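Note on naming: letters A, B, ... go to the chains in the order of the sequence lines (proteins, then strands), and numbering restarts at 1 for each one. All values derive from a computational prediction rather than experimental measurement.
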2 protein chains.
Amino acid sequence: MLKELSERKKRILHALVDLYISTGLPVSSADIQSKYLPEVSSATIRAELSALEALGYIEQPHTSAGRVPLKDAYKFYVDSIDGSNASNMLTDQETAFIRDNFFGRLGQIEDLSKEAAKIISDVTNYTSFVVDQSQGENVVIDEIKLIPLKRGKAVVLIVTDKGMIADKAIDVKEDVKSEYIDAAGRLLNKVFAGKTIEDIKHFDVSEIDAEIKGFKDIFDEVLGILRMYISEHSSDNVFVEGALKMLDYPEYQNIDDAKQFLSVISDKDAVSEIILDDDNSIEFTVRIGKEDSGVDKCAIITAAYKVGDEVQGKAGVIGPERMDYKKVISVLDYVKKMFSSVLGRDKLPDPFDDEE
Amino acid sequence: MLKELSERKKRILHALVDLYISTGLPVSSADIQSKYLPEVSSATIRAELSALEALGYIEQPHTSAGRVPLKDAYKFYVDSIDGSNASNMLTDQETAFIRDNFFGRLGQIEDLSKEAAKIISDVTNYTSFVVDQSQGENVVIDEIKLIPLKRGKAVVLIVTDKGMIADKAIDVKEDVKSEYIDAAGRLLNKVFAGKTIEDIKHFDVSEIDAEIKGFKDIFDEVLGILRMYISEHSSDNVFVEGALKMLDYPEYQNIDDAKQFLSVISDKDAVSEIILDDDNSIEFTVRIGKEDSGVDKCAIITAAYKVGDEVQGKAGVIGPERMDYKKVISVLDYVKKMFSSVLGRDKLPDPFDDEE
DNA sequence: TTTAGCACTCTAACCCTTTGACTGCTAACA
DNA sequence: TGTTAGCAGTCAAAGGGTTAGAGTGCTAAA
């Protein structure tokens with residue numbers, strides 16, 4: 001199906017997508033001729049367009065209209081940029097903006113993900129998302145801290161190799177001694193430290209039943225917190241920004257489409273399903289017009305960010321099919337580097353101060 | 001301005017608002033006559049409508065159209081229900097739904113607020129909000145805990161009389177001794193314990209400059225966390241549900257209005273500003289067509305929920321002016337009771353089990 | 001193979017007319 | 001004096017016809 005096109009056909013197809021991306025209007029042979037191929041006549045281009053239409057790359061909304069790209073045309077277009085030097089599409093201001101915002105935020109992976117989503121949306125003007133997968137099932141519990149407060153409360157801190165995953169206040173009996181809490185803490189560490197989330201899932205309480213007798217209440221609370229984390233965490237690590245920006249594009253001037261889009265995008269489970277269902281090993285994914293997801297008429301560009309060889313999460317953009325792919329890919333590429341840099345303390349191309 | 005209307009004018013005005021609420025279309029004299037006042041002719045009603053128009057209650061979109069209610073008409077309409085027995089508007093299913101959902105959730109005030117917002121939106125089919133004010137500026141800091149972790153990190157816990165307000169990981173130098181952390185903790189408590197959030201706002205660092213010398217880094221981090229809390233917390237306790245439901249109403253079929261509405265409603269600061277700027281002492285507020293807030297064309301109904309005499313927060317609905325006021329007021333009234341009941345452990349009209 | 005020229009097609013915009021839903025007014029009536 | 005029936009007047013919305021113009025496909029010549 002993807003038969004090799006002649007060089008001129010390629011140029012024409014590329015020009016057509018380019019024009020359509022910037023205007024959103026059907027592209028005529030004259031447009032292409034005047035702005036991209038002045039050396040041939042519009043009649044020639046018309047003939048080529050006819051051929052491209054027969055090949056299924058483009059179509060006419062009606063007989064006397066220009067051509068509009070179809071999925072294959074976008075795919076062709078995306079392929080033609082992916083290989084090239086994407087990141088120099090960004091202006092110096094833009095890279096500076098991204099970098100400054102990225103390093104302005106220290107700290108938690110959550111803040112970082114959220115910030116990244118905001119940055120991507122700000123720079124591209126499309127809806128963006130970040131799914132953080134770093135806190136997955138192979139997070140190892142380093143330590144559990146039990147800190148007694150006043151009034152019969154205590155705080156449980158669960159510290160992992162990737163940071164903190166939970167901090168909840170629980171009730172303990174008002175009159176409990178601090179030695180008791182300490183003992184409970186030691187027991188909890190004995191039981192949980194070194195285990196992964198995956199381990200906890202299949203955890204069998206009866207095995208250690210005898211030991212925990214005296215600390216049943218506290219033990220159950222902690223187990224409850226861990227279980228909660230396992231069941232709820234999947235939606236906690238999805239960050240969507242700029243959902244309303246989609247309404248600026250003519251594709252979404254129809255209120256029903258807009259509503260459909262917004263309701264999908266504000267459902268974090270749905271978002272994470274859409275994002276995560278493609279192959280983890282591919283660094284860039286571009287999907288155009290995904291019908292079954294509830295966000296048809298959309299293109300989704302995803303980049304996996306890694307530390308070393310391990311995928312830590314995905315960041316991406318969701319926008320109209322007619323999207324500024326070059327820019328989006330450039331931005332995602334740069335953000336990807338930022339992520340690797342911050343998370344893995346790699347060297348960055350630009351000099352900056354960040355001590356470990 | 002609120003001159004007393006004749007009984008017939010009242011009936012006609014009430015009928016007109018009723019009809020307009022259910023259809024959303026301008027109401028003609030014949031509509032009112034056939035469905036509400038068959039004993040007089042449409043001509044008579046026309047004469048009355050003319051009078052009501054002169055009084056500023058209603059208007060015609062254009063000469064040959066029916067009448068549409070203006071703000072005063074809605075106010076009149078709302079007044080006419082507020083006094084009556086509002087809560088029997090709800091079906092048994094509805095009260096059961098509210099009650100079950102309310103008590104199904106135990107626990108944190110945040111979960112409760114969020115759940116309440118969801119319930120209100122589900123039952124009324126409008127956008128709802130809950131603002132929790134129980135964690136205001138007179139929260140007293142009980143204690144600050146500094147807990148050292150591995151790898152040069154430490155956790156700061158700020159405990160208040162109302163619960164925990166912050167728990168952030170901070171960096172400390174890798175080689176710092178635990179005595180140092182303890183000392184820093186003692187200093188922090190000396191400085192902050194017993195103070196309110198309000199106090200912190202006007203806190204003058206220079207006063208205690210000498211003492212904190214050795215702990216400057218940690219001290220600054222904690223102060224940063226507190227400042228962050230002060231500046232950001234106002235948006236943490238605003239819960240909005242069902243924002244997209246507004247798009248179902250014909251008033252918001254225009255994409256620009258919809259966008260305007262959504263952008264206001266998804267900005268929590270803006271929401272809390274809109275909600276909180278009216279008098280705290282009034283238990284029910286109905287505002288119709290608030291121009292300056294960015295959500296004109298909307299009516300906002302707010303109920304303050306209390307424990308004892310103290311306002312704990314506000315819950316409400318934001319919807320088209322043409323809103324089912326009776327139902328909304330009934331729902332809010334019932335939710336109000338639920339809140340008082342759960343938070344204050346009052347007695348409820350219905351029997352249910354809730355042990356202290 | 002490319003090009004210029006031309007006839008053809010189809011949408012979008014515009015204007016004009018018609019329709020029908022209301023009202024306001026008036027004259028008659030209780 | 002208040003109410004009503006009847007009727008003329010008004011206006012928005014819908015329908016229909018025309019025009020303008022943007023673009024194409026085709027053809028014949030270069």
Are the side chain of [X] and the backbone N or O of [Y] linked by a donor-acceptor pair below 3.5 Å?
X        : Y        : result
B:Ser121 : B:Ala117 : no
B:Gln253 : B:Pro250 : no
A:Lys268 : A:Val238 : yes
A:Gln60  : A:Ala65  : yes
A:Lys297 : A:Glu251 : yes

Note to self: As a quick check of understanding, evaluate salt bridge (charged side-chain N to carboxylate O under 4.0 Å, His left out) for A:Arg67 and A:Glu53, giving each step before the final call.
What the structure shows: CA-CA 8 Å; A:Arg67 258 78 172 197; A:Glu53 183 160 12; 2.8 Å; yes
Notebook entry, point to check: Of B:Thr63 and B:Ala43, whose closest DNA chain D nucleotide lies nearer the 5' terminus?
Noted result: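 Whichever sits nearer the 5' end wins; that is B:Ala43.
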Note to self: Using the side chain to side chain contact (heavy atoms under 4.5 Å, CB included) definition, which of the options B:Lys10, B:His14, B:Lys326 pairs with B:Ser80?
What the structure shows: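 Among B:Lys10, B:His14, B:Lys326, the one that satisfies the side chain to side chain contact (heavy atoms under 4.5 Å, CB included) with B:Ser80 is B:His14.
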Checklist line | ring-ring contact (aromatic ring centres under 6.0 Å, His included) against B:Tyr249, all qualifying residues, sequence neighbours excluded | finding: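 By the ring-ring contact (aromatic ring centres under 6.0 Å, His included) rule, B:Tyr249 matches B:Tyr126.
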Notebook entry, point to check: Which of residues 8-16 of chain A sit near DNA chain C, with a heavy atom under 4.0 Å from it?
Noted result: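 The answer is A:Arg8.
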Check: Which nucleotide of DNA chain C is the first, and which the last, in the 5' to 3' direction, to come under 4.0 Å of a heavy atom belonging to chain A?
Finding: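 In short, chain A contacts DNA chain C from C:dT2 to C:dT11.
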Check: For B:Ser50, which contact category applies under a 4.0 Å heavy-atom criterion: base, sugar-phosphate, or nothing?
Finding: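 Sugar-phosphate only.
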Note to self: Within the 4.0 Å heavy-atom criterion, would you say A:Glu39 contacts the bases, only the backbone, or no part of the nucleic acid?
What the structure shows: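 Sugar-phosphate contact only.
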Next item on the list: Sorted by first residue and then second, give each salt bridge (Lys or Arg N to Asp or Glu O under 4.0 Å) pair with at least one member in residues 24-47 of chain B; sequence neighbours left out.
Entry: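 Applying salt bridge (Lys or Arg N to Asp or Glu O under 4.0 Å) to every pair that reaches into residues 24-47 of chain B, excluding sequence neighbours, yields B:Arg11-B:Glu39.
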Next item on the list: Return each pair, listed once, that meets salt bridge (Lys or Arg N to Asp or Glu O under 4.0 Å) where at least one residue sits in residues 120-129 of chain A; pairs must be two or more places apart or across chains.
Entry: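 Applying salt bridge (Lys or Arg N to Asp or Glu O under 4.0 Å) to every pair that reaches into residues 120-129 of chain A, excluding sequence neighbours, yields A:Asp122-A:Lys245.
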Filtered N/O pairs between nucleotides 17-23 of chain D and protein, under 3.5 Å:
from   : atom 1 : to      : atom 2 : distance (Å)
D:dG23 : O4'    : A:Ser64 : O      : 3.1

Next item on the list: Find the distance A:Ile45:CD1 to D:dT24:P and express it as a whole number of Å.
Entry: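 To the nearest whole Å, that distance equals 10 Å.
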